[in-house]
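This report refers to the structure that appears directly beneath it.
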There are 2 protein chains.
Amino acid sequence: MVAADSGTAVRNTRQRSAVSALLGEVEGFHSAQDLHAMLRSRGERVGLTTVYRTLQGLADAGEIDVMRPPGGEHLYRRCSEGHHHHLVCRACGRTVEVEGPAVESWADRVANKHGFSDVSHTLEIFGTCPECARR
Amino acid sequence: MVAADSGTAVRNTRQRSAVSALLGEVEGFHSAQDLHAMLRSRGERVGLTTVYRTLQGLADAGEIDVMRPPGGEHLYRRCSEGHHHHLVCRACGRTVEVEGPAVESWADRVANKHGFSDVSHTLEIFGTCPECARR
DNA sequence: GCGTTTTTGACAATCATTCTCATTGTCGCG
DNA sequence: CGCGACAATGAGAATGATTGTCAAAAACGC
């Protein structure tokens, strides 16, 4: 687990490229099954298992973001350069991206104060959007 | 959903009391199955289904916190008066509770700016604790 | 007490994710 | 250029937490 990946050669395969490319084209978050369906509908022949594995690998490598909404499915998205969070409507699912530089540094500061290294964090804000609140 | 619960009488049962009492005694987060096992080992006769239902009800009522770690199991804890977040070690799972008043107000402010109401949020910080980093 | 209504709980069902393992595709090296 | 080692693939089974089902039991109002 902590082993420095000396010989861990990551091979370049058609499937891996397909997943990676797809993530580069789509907007927002999508579930693994979602992405798998998209690949199939565009003619790519990729197994669901492989999609899961590839996404896991990309997530471990820090190349994509993972969000775990209460709904149950994990959602993946290409990691944008700017780290930001989400404001999600509880009723309609509408998502607004928000940034909080202060939060970033606060999280790092707190983690370091406790001696933690290699820090990351997840932050989701839930609420009812204006449209849904009106009803 | 908005219906005034005119006749919705919540009944007081042995099982509900048991779960509630247990949550009042234990420290930290525990999974539903965990809590169920504790109840059984102390002689309480409660079904797993009922534990799940009760926890859901308590969570809906805002009386307990729910955390969804990457591991998969939902963890429940009696809601403390002060809202705070968690710093979790990726390797050993050690958890440190942290507070961030600034984050709370920032989240509310951002949500309100977008017209969202009834706001809540979740924030988890992940990292490697000093012990695990040493190895 | 009595009837009504909620609650319970054993078990089946669901469903995303992970595991298994034989097969296939890559890539380094001679 | 061809070989061999070994990672990667993928179909299906397995896992495992959570939710649904529904008949029987328990609570509560009167």
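Reminder, nothing fancy here: chain letters follow the sequence lines and each chain counts from 1.
Neither OP1 nor OP2 of D/dA8 sits under 4.0 Å from any side-chain N or O of A/Gln15. Residue A/Tyr52 has a polar side-chain atom (N or O) positioned under 4.0 Å from OP1 or OP2 of C/dT17. Contact annotation: B/Thr13 reaches the phosphate of C/dT8 (side-chain N/O to OP1 or OP2, under 4.0 Å). Side-chain N/O atoms of B/Gln56 include none lying less than 4.0 angstrom from OP1 or OP2 on D/dT18. Remark: A/His74 is in phosphate contact with C/dT17, judged by side-chain N or O atoms under 4.0 Å from OP1 or OP2.
In terms of heavy atoms, B/Ile125 sits closest to A/Ala111 at CG2-CB, 4.3 Å.
Within residues 37-48 of chain A, no residue has any heavy atom closer than 4.0 Å to DNA chain C.
Between B/Leu55 and B/Leu23 there is a side-chain heavy-atom pair separated by less than 4.5 Å. A heavy-atom distance below 4.5 Å is found between the side chains of A/Leu123 and B/Trp106.
Under the side chain to side chain donor-acceptor pair (under 3.5 Å) rule, B/His85 has a single partner from B/Glu97, B/Glu104, B/Glu99, which is B/Glu104.
Under 3.5 Å, the side chains of B/Gln33 and B/Tyr52 contain a donor-acceptor pair of N or O atoms.
No more than 12 heavy atoms of other residues, nucleotides or ligands lie within 6.0 Å of CD in B/Glu27, so this atom counts as exposed by the packing criterion.
A residue-by-residue look at B/Tyr76 and A/Thr50 shows that A/Thr50 has its nearest nucleotide of DNA chain D further toward the 5' end. Looking at which nucleotide of DNA chain C each of B/Arg11 and B/Arg53 is closest to, the 5′-most match is held by B/Arg11. Map B/Gln33 and B/Asn12 each onto its nearest nucleotide of DNA chain D; the residue landing nearer the 5' end is B/Gln33.
D/dA11 atom C1' lies 11 Å from atom NE2 of A/His36, rounded to whole Å. Atom pair B/Leu35:CG and D/dA17:P shows a separation of 14 Å (rounding to whole Å applied). Distance CZ (B/Arg16) to C1' (D/dA25): 16 Å, rounded to an integer number of Å. When the C1' atom of D/dA8 is taken as reference, atom CZ of A/Arg14 falls 11 Å away, rounded to whole Å. A straight line from CG of B/Leu58 to C1' of C/dT7 spans 15 Å, rounded to a whole angstrom.
With rounding to the nearest 0.5 angstrom, the CZ atom of B/Arg78 is 11.0 Å from the CG atom of B/Leu22.
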